[in-house]
Protein chains: 2
Amino acid sequence: MNILEKITQNKSAFSKSERKVAEIILDNPQTAIHSSIATLAKMSDVSEPTVNRFCRRLDTKGFPDFKLHLAQSLANGTPYVNRHVEESDGPEEYTKKIFESTMASLEVARQSVDINIINRVVDLLTQAQKISFFGLGASASVAHDALNKFFRFNVPVVYFEDVLMQRMSCMNSNEDDVVVLISHTGRTKSLVEIAHIARANDATVVGITSKNSPLAKECNLVLSLEVPEDTDMYMPMASRIAQLTLIDILATGFTLRRGGKFRENLKRVKDTLRGSRFEKRQD
Amino acid sequence: MNILEKITQNKSAFSKSERKVAEIILDNPQTAIHSSIATLAKMSDVSEPTVNRFCRRLDTKGFPDFKLHLAQSLANGTPYVNRHVEESDGPEEYTKKIFESTMASLEVARQSVDINIINRVVDLLTQAQKISFFGLGASASVAHDALNKFFRFNVPVVYFEDVLMQRMSCMNSNEDDVVVLISHTGRTKSLVEIAHIARANDATVVGITSKNSPLAKECNLVLSLEVPEDTDMYMPMASRIAQLTLIDILATGFTLRRGGKFRENLKRVKDTLRGSRFEKRQD
DNA sequence: CATCAAATGTAGTAAATTTACAACTTATTC
DNA sequence: GAATAAGTTGTAAATTTACTACATTTGATG
């Protein structure tokens, strides 16, 4: 992928002159991307077509294309690794690591998400008579957040932290209701039971959970998130952020589906809050 | 730094035709880097020199140089534009945009965060007799999450959603207590009042909020997060994610400060949960 | 040492980018 | 509301850049 590595690897396959070009580029890639083919040829002490042939040998369309690849390889300033926090880390290190690994998790989550299912879930949500969000432990705050979002849409939305309340709520559900269950592992017993109860009452059950988990099997639709967790810390972090982002996406899909007039309504809700706030200084 | 962000920011400073170019590029940057100035001009329905002028306005040497910058911005690591969701976006687009802008916000948050203050807040938290987390609206779920994390540390930790409970709790606080207040805008009246009450009772008040806000002024320490929000959607999204990440960082700092034995204890808490879960299939 | 294949370079061509200038639009002033 | 200035945009020519076709060289082999 990285073109600099590729050059190093293929070095032996190059011809004498091509190798000269390779040396110069590896030696000072930053200069290379800002040079024309003529300057680079002169620097490497070869002819221009040789430089061009060198580029083609690396599966690029030509010199300009090669420069783009090179530029991208050089831009990799933020290595993406899911680096784990270590005992010896100071504030600077762990802050950096947590930010980076959170971003990396989002990238992983993005790739693992299935757009079709998102679309179907949005469909369901827009048609639901009542929407419930349930989660336990760390996922409770995600459900809480979902409540906050969907509440603004003026849709009957339900959220309970209490397991018994969750059960009772599901027992009273019917086929027009959507129950969204959030769990990273998908192995929390009481949540799986709740899924079961909800389905027994003909509600549609959507899981935001890990693929192939017991919970996933009880759901009508599963938004699976495969996010690596730093288990050393014994706390769910990345999974929650991914779940929240998914909630954001569902909420956004919901508002878009409901159209422009609906957005007006949202604005009104927001404006209502104004009275509870200090005015923003105009500067 | 990132040129896509730069385009979005300077959008207002552009002329009409330049803005057309900006639209096209933001809309499909991947295509842009592989196009010639002529194709891009045609796509934007402007003349070639206009495209060139557009590039210069962004402090690049010219079109080829601009493409290099763009390529670098698109490379893994810093790909993220703060692109806003639009009415016409389908599930694919808005999913992509939300993931990307969330990641971008985290990058912005990372840069705006002050490590020294993080360190001092961790100090305070480890020494606190009682820790309270309060937030309202969207920030309530962040406080909720913080409760979840710090609860595991076997520290007296308090969280209320109810404003009155928050007030009463703060009235009973003393100089060994730390009150963490979470608010994106920092202009929520009741939260500012709570900060005032807590300080009047000698508690240390930490704000996770925007710099120079009324709330920030009432706090002993401010962890300021300057995160751009897509106000079109009328819902806080990015700010929450950044706040949560900050909570993760504080929690991590906390566990690290408490040392190895403490981590043992965390593991025990986690093991206790096992009974409530289905066993993980060994495969 | 003749011959072929691979490698490299030369020169010309095509393409892309930039510059200079003219036409046009939009604000500003009297 | 006309006159003028400032800013914006486009046309066409100039220049730079990259590529192609072909010629020359190098080196290996019978």
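Since the model is a prediction, treat every value here as computed from it, not as a measurement. Hydrogens, waters and symmetry mates are skipped; everything else that's a heavy atom, side chains included, is used.
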Output the rounded distance in Å from [atom1] ([X]) to [atom2] ([N]).
{"X": "B:L40", "N": "C:dT18", "atom1": "CG", "atom2": "P", "result": "12 Å"}
{"X": "A:F54", "N": "D:dC19", "atom1": "CZ", "atom2": "C1'", "result": "17 Å"}
{"X": "A:F14", "N": "C:dA6", "atom1": "CZ", "atom2": "P", "result": "18 Å"}
{"X": "A:E48", "N": "C:dT10", "atom1": "CD", "atom2": "P", "result": "10 Å"}
{"X": "A:F63", "N": "C:dA16", "atom1": "CZ", "atom2": "P", "result": "16 Å"}
{"X": "B:R53", "N": "C:dC21", "atom1": "CZ", "atom2": "C1'", "result": "11 Å"}
{"X": "B:D45", "N": "D:dG10", "atom1": "CG", "atom2": "P", "result": "8 Å"}
{"X": "B:I33", "N": "C:dA16", "atom1": "CD1", "atom2": "P", "result": "17 Å"}

*asked:* Determine whether a donor-acceptor pair (N or O, by modelled atom type, separation under 3.5 Å) exists between the side chain of A:E100 and the backbone of A:K97.
replied: no
*A:K67 (side chain) donor-acceptor with A:I37 (main chain) under 3.5 angstrom*: no
Can you check whether [X] has a side-chain N or O nearer than 4.0 Å to OP1 or OP2 of [N]?
{"X": "B:S17", "N": "D:dT9", "result": "yes"}
{"X": "A:S36", "N": "D:dT16", "result": "no"}
{"X": "B:R19", "N": "D:dT8", "result": "no"}
{"X": "B:S15", "N": "D:dT8", "result": "no"}
{"X": "B:N52", "N": "C:dT17", "result": "no"}
{"X": "A:R56", "N": "D:dT20", "result": "yes"}

_CZ/B:R19: more than 12 non-hydrogen atoms of other groups inside 6.0 Å_ = yes
*May I ask you to say what A:V51 touches in the nucleic acid, namely base, sugar-phosphate or nothing, with a heavy-atom cut-off under 4.0 Å?*
nothing
_5'-most by nearest nucleotide on DNA chain C - B:A38 or B:K16_ = B:A38
_Spacing of CD1 belonging to A:I247 relative to CG belonging to A:N148, to within rounding of 0.5 Å_ = 11.5 Å
_Minimum heavy-atom distance B:L4-B:S73, with the two atoms named_ = N-OG, 4.3 Å
*Choosing from C:dA11, C:dT17, D:dT9, which nucleotide comes nearest the side chain of A:P49?*
C:dA11
